[in-house]
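Everything below concerns the one structure shown next.
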Amino acid sequence: MNGTTDRAVLLARLAEARTEPWDVAIIGGGATGLGVALDAAARGLAVVLVDSHDFSEGTSSRATKLVHGGVRYLSQGNIGLVREALHERSTILANAPHLAQRMGFVMPAYHWWEPGFYGIGLKAYDALAGSHSLGSTEWLSAHRTLELLPGASPRGLVGGVRYWDGQFDDARFAIALARTAQQRGALLLNHCAAVDLVREAGQVRGLVWRDAETGREGRLAARCVVNATGVWVDAVRDMDRDADAPPRPPMVAPSQGVHLIVDRHFLPGAHALLVPKTADGRVLFAVPFMGKTILGTTDTPRADIVYEPEAFAQDVGFILTEAGRYLAHAPRREDVRAVWVGLRPLVRPPGDEAHDGAPGHAGASTKTISREHTVIVGRSGLVTVTGGKWTTYRAMAEDVLARAMARGLVPRRPAGATVRLPLVGAAPGRPLADPPGEHLYGSEAGLLRSLPGASHWLWQDGESGQGGLSEAMVRFAARHEMAREVTDVLARRSRLLFLEPAAAGRCARAVAAILSEELGREVDPAQAEALAAQYGRLP
Ligand SMILES: Cc1cc2nc3c(=O)[nH]c(=O)nc-3n(C[C@H](O)[C@H](O)[C@H](O)COP(=O)(O)OP(=O)(O)OC[C@H]3O[C@@H](n4cnc5c(N)ncnc54)[C@H](O)[C@@H]3O)c2cc1C
């Protein structure tokens, strides 16, 4: 039964009366929850996970796609976080080489002091990586900088520095985590919310779930419930409150990050560009990704927590201005193909109420809040985990299970089960900078090609004429990757919605028709069409 994606079978398993409670029930299928699910399942525990939306539909599909130690955190003196992330970086690259690879980053320098100043920091970054280094930091001449970064502005260029980090397809990586956990016996359902917690004598003993498609509800018993709902953790913590108890102060201060997509010709070549210090003291990246260039990101406090936040006009202007200072051809508003936004679940310092922001109104800065994760085991036994970054998801999962085991919530099993655990499809891959195609399916590319419509393209990359989205990919998403909605396919199994929303909008009806056939029910393209319009529209 493991590995089936038949939803009726999965729901039946969720609803079945078990003689023993689940060892771990996880709420939230982003990087954090999926990491816990895989780790617990790999240790032989009985694991169930529900996500109210799709796997990685929250923050985890909206990252800058970097698998990195975080050069920025180094300058903040956060050595522990950087070292841990650099070690985790190698694990990610080794376990899913089709979805995560090393990438060269070049920092072009326009002042004589910059190569020395930043180069020393980047050498320290190498040193912290130790045996996990992906390549040595090098100082570059102006000529070599332009060779590696043909899109950089040559005006006043004095040289550059190259260092190595990683890049990944965040959403496909998340789906691969879900499927690998499933192969290890875990039960995972997307589009199935936790609507309440089961509490007995002040202790959390399970959860109440609701299937979004049928409205069916049920309750399940679990020894340990993990709240891994990212920016939504406070809503779940609120379910763990006596009716007469006052609400707890929120744990998360959401911070909004905007990304813009422009064509590849703004940054040709295989290297990414790092802007070491923007006007607001952050770093900004221009990263080749799937035939396009990602520009980003920003860090703006935001009070409302919605699934599809819209970019602020000043954030878009900021990214274009900063990118324009470093690129030979400054991208203009009309060059932007897509805009998408993610919310960082930053953990408030205890007693902090100063980080409130509001939509359209930047509150106090979130830039200085720690990027480390936080695990809280409540008196009721509810385990809440949030913060951190994608790159450290595996270490976070180990931490969560260690804390749950220390409290006696989960049977003790040794850690380390996921260090060398290849994810579904793991096989050496083509660069992620290339247009999307069959290479993203790794060892499953043959299975993909065996499905009907392998050479029927719903969309093909215009610039390269290679790759794209085929009918077979939609069928594969439905049959093997638990896609239920058009956006599940267009945003997360394929990344077309993030790369070329106009094309995604045009494909939505065809995708809906194939999904309807595969799933045996009417699938509506309207939400995907509306999102495609939103992602293609600048504020
Ligand atoms: C703009 C931006 C850029 C970033 N770039 C990088 C990067 O390049 N590299 C990196 O390492 N990190 C990066 N990060 C950080 C990283 O993306 C996040 O730390 C990570 O994705 C958080 O994952 P999560 O699982 O905690 O949250 P989420 O991905 O938001 O997952 C939470 C899940 O919980 C579900 N949920 C909510 N309520 C319920 C409920 N009641 N029942 C069931 N499910 C529920 C949601 O649907 C959601 O899927 C970036 C973050 C942002 C915002």
Side-chain angles (χ1 to χ4, degrees), residues 25-37 49-70 72-73 81 85 88-89 92 100 103 165-168 170-171 173-174 177-178 188-197 207-212 225-239 252 254-259 272 282-283 285 287 289 294 296-300 302 305 307 309 311 315 319 340-347 366 371-374 384-397 400 492:
I26 300 152
I27 310 176
T32 308
L34 292 169
V36 177
L49 179 149
V50 290
D51 195 296
S52 51
H53 292 66
D54 188 21
F55 304 120
S56 81
E57 183 164 347
T59 304
S60 297
S61 52
R62 300 149 197 265
T64 314
K65 327 289 179 222
L66 306 182
V67 186
H68 64 159
R72 179 156 87 89
Y73 314 128
L81 176 65
E88 289 304 319
R89 184 181 70 175
I92 290 177
M103 166 163 263
D165 241 325
Q167 173 182 48
F168 75 137
D170 49 8
F173 195 94
L177 279 176
L188 296 97
L189 270 112
N190 50 356
H191 302 289
C192 183
V195 291
D196 207 351
L197 297 172
L207 59 83
V208 180
W209 52 266
R210 184 186 297 143
D211 173 32
V225 175
V226 177
N227 171 13
T229 51
V231 285
W232 293 276
V233 281
D234 289 311
V236 174
R237 287 173 78 226
D238 208 45
M239 297 174 189
V252 159
S255 149
Q256 165 156 316
V258 174
H259 292 97
R282 308 187 69 253
V283 295
F285 293 98
V287 186
F289 183 69
I294 301 179
T297 179
T298 54
D299 199 338
T300 315
R302 173 162 196 144
I305 307 181
Y307 269 86
D315 286 345
I319 294 173
W340 34 273
V341 179
L343 298 180
R344 284 180 199 85
L346 301 184
V347 181
T366 42
R371 263 54 178 171
E372 272 164 298
H373 69 272
T374 296
T384 298
V385 50
T386 195
K389 36 199 242 148
W390 236 121
T391 309
T392 52
Y393 82 92
R394 207 198 59 81
M396 287 167 67
V400 167
R492 290 169 292 277

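In what follows, residues are counted from 1 in the order of the sequence shown. Each ligand, and each atom within it, is numbered from 1 in the order the structure gives. Since the structure is predicted, the reported quantities are computational estimates derived from the model, not experimental observations.
- In this structure, the protein non-hydrogen atom closest to atom 18 (C) of ligand 1 is T59 CG2, 4.0 Å.
- The distance criterion of under 3.5 Å between nitrogen or oxygen atoms is not met by V67 with respect to ligand 1.
- Around atom 22 (C) of ligand 1, the closest heavy atom drawn from C192, S60, G28, G230 belongs to S60.
- At least one heavy atom of T297 sits less than 4.0 Å from an atom of ligand 1.
- In this structure, the protein non-hydrogen atom closest to atom 9 (N) of ligand 1 is L66 O, 2.7 Å.
- Near G257, meaning under 4.0 Å from one of its heavy atoms, ligand 1 places the atoms 1 (C).
- Counting only distance, with no hydrogens or angles, the side chain of N190 and the backbone of F55 share no donor-acceptor pair below 3.5 Å.
- Ligand 1 places these atoms under 4.0 Å from at least one heavy atom of V50: 43 (C), 44 (N).
- With contacts defined as side-chain heavy-atom distances shorter than 4.5 Å, the pair D54/H191 qualifies.
- Ligand 1 has no nitrogen or oxygen under 3.5 angstrom from a nitrogen or oxygen of G387.
- Near G342, with a cut-off below 4.0 Å to any heavy atom, the atoms of ligand 1 are 53 (C).
- Contacts of L343 with ligand 1, taken as heavy-atom pairs under 4.0 Å, involve the backbone alone.
- Looking at R62 against ligand 1, only its backbone comes within 4.0 Å, counting heavy atoms.
- At under 3.5 Å, a nitrogen or oxygen of T64, whether backbone or side chain, sits near a nitrogen or oxygen of ligand 1.
- Side-chain contact check for D299 and S255: at least one donor-acceptor pair (N or O, by modelled atom type) lies under 3.5 Å.
- Ranking protein heavy atoms by distance to atom 19 (O) of ligand 1, first place goes to G388 O, 3.2 Å.
- A distance-only check finds no donor-acceptor pair linking the side chain of R89 to the backbone of T392 [under 3.5 Å].
- For the pair T32 and ligand 1, the shortest N or O to N or O distance falls below 3.5 Å.
- The protein heavy atom nearest to atom 45 (C) of ligand 1 is S52 OG, 3.2 Å.
- In this structure, H68 counts as a contact residue of ligand 1, since one of its heavy atoms falls inside 4.0 Å of the ligand.
- For ligand 1, the atoms sitting less than 4.0 Å from at least one non-hydrogen atom of K65 are 8 (O), numbered in the order shown with element in parentheses.
- In terms of N/O distances under 3.5 Å, ligand 1 is approached by A194.
- Closest to atom 4 (C) of ligand 1 among all protein heavy atoms lies A63 CA, 3.5 Å.
- Contact annotation: Y307 has at least one heavy atom less than 4.0 Å from an atom of ligand 1.
- Look at D51 and you'll find a heavy atom under 4.0 Å from some atom of ligand 1.
- When heavy-atom distances to ligand 1 are checked against a 4.0 Å cut-off, A228 comes that close only through its backbone atoms N, CA, C and O.
- Looking at V225 and I27, their side chains come closer than 4.5 Å, going by heavy atoms from C-beta outward.
- Atom 11 (O) of ligand 1 has its closest protein heavy atom at T391 OG1, 2.7 Å.
- At a heavy-atom cutoff of 4.0 Å, ligand 1 is contacted by both the backbone and the side chain of W390.
- Against a heavy-atom cut-off of under 4.0 Å, H259 is close to the following atoms of ligand 1: 1 (C), 3 (C).
- Ring planes of F173 and Y393: perpendicular class, angle over 60° (limits at 30 and 60°).
- Nearest protein heavy-atom neighbour of atom 31 (O) of ligand 1: G30 CA, 3.5 Å.
- In this structure, the side chains of V233 and P345 stay at 4.5 Å or more apart for every pair of heavy atoms.
- Closest protein heavy atom to atom 40 (C) of ligand 1: I27 CG2, 3.7 Å.
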